[in-house]
Q: 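One structure coming up, written as structure tokens, with questions to follow.
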Amino acid sequence: MDEPTSALTEREIRTLFGVIHALQQRGIAFLFVSHKLNEVLEISETMFVMRNGRIVSTGERREYDTARLVLEMTGASIAEKTYAYTPDPARTPLLRAEGLTVAGRWTT
């Protein structure tokens, strides 16, 4: 299955995963391709991670978490990638909001 949940609602995804789990219990295997790592981790038993068209990592699901999947997929650790925004005081802001709140939510 190639990105089977990309156009599904959460309810439809739960239904699909229920069917997949039932078929897995009967010994039926699936190839589940997705960039939604939480779904990959939920549905998979064995992992095959590809980068640039080559398998770079294989193993049992219990050996993987999101950080390891990102590392294997990109070659870089999540912790290594940070972004610190420094505003340029010489530029005019495109949007400014003050006192913006949502009813029932706390603000800082």
Q: Please tell me if the side chains of Val40 and His35 come closer than 4.5 Å, counting only heavy atoms from C-beta onward.
A: no

Q: Do the side chains of Glu42 and Arg14 get close enough for a salt bridge, i.e. N-O under 4.0 angstrom?
A: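 So Glu42 pairs with Arg14 through a salt bridge.
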
Q: With distance as the sole criterion, is a donor-acceptor pair present between the side chains of Ser57 and Arg68 under 3.5 Å?
A: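 Yes - a donor-acceptor pair under 3.5 Å links their side chains.
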
Q: How far apart are the closest heavy atoms of Pro4 and Leu16, and which atoms are they?
A: CB-CD2, 4.1 Å

Q: Report yes if some heavy atom in the side chain of Thr58 is under 4.5 Å from a heavy atom in the side chain of Val49; otherwise report no.
A: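 Not in contact.
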
Q: Donor-acceptor pair, Thr74 side chain versus Ala76 backbone, under 3.5 Å?
A: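 Yes, the answer is positive, given that a donor and an acceptor are paired below the 3.5 Å cut-off.
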
Q: Is there side-chain contact between Glu72 and Leu69, with at least one heavy-atom pair below 4.5 Å?
A: no

Q: Would you say Gln25's side chain and Ala22's backbone share a donor-acceptor pair under 3.5 angstrom?
A: no

Q: Quick check for you: to the nearest 0.5 Å, what is the distance between Ser6 atom OG and Glu39 atom CD?
A: 9.0 Å

Q: With heavy-atom distances below 4.5 Å as the criterion, would you say the side chains of Phe17 and Thr5 are in contact?
A: yes

Q: Side chains of Val33 and Met1: does their closest heavy-atom pair fall under 4.5 Å?
A: no

Q: So if you build clusters from Ile, Leu, Val, Met, Phe, Trp, Tyr with side-chain heavy-atom gaps below 4.5 Å, do Ile43 and Ile28 land together?
A: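 Same cluster: Ile43 reaches Ile28 through Ile, Leu, Val, Met, Phe, Trp or Tyr contacts under 4.5 Å.
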
Q: Answer whether the closest heavy-atom distance between the side chains of Val56 and Met50 falls below 4.5 Å.
A: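 No, too far: nothing below the 4.5 Å cut-off.
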
Q: Looking at Glu12 and Ala7, what are the two nearest heavy atoms and their distance?
A: OE1-O, 4.3 Å

Q: Is the side chain of Arg61 donor-acceptor paired with the backbone N or O of Leu41 at a distance under 3.5 Å, no angle test?
A: yes

Q: Would you give the length of the straight line joining atom CZ of Arg51 to atom CG of Leu71, rounded to the nearest 0.5 angstrom?
A: 7.5 Å

Q: Are more than 12 heavy atoms from other residues, nucleotides or ligands located less than 6.0 Å from atom CG of Asn52?
A: no

Q: Nearest 0.5 angstrom please: Asp2 CG to Phe32 CZ, how far?
A: 10.0 Å

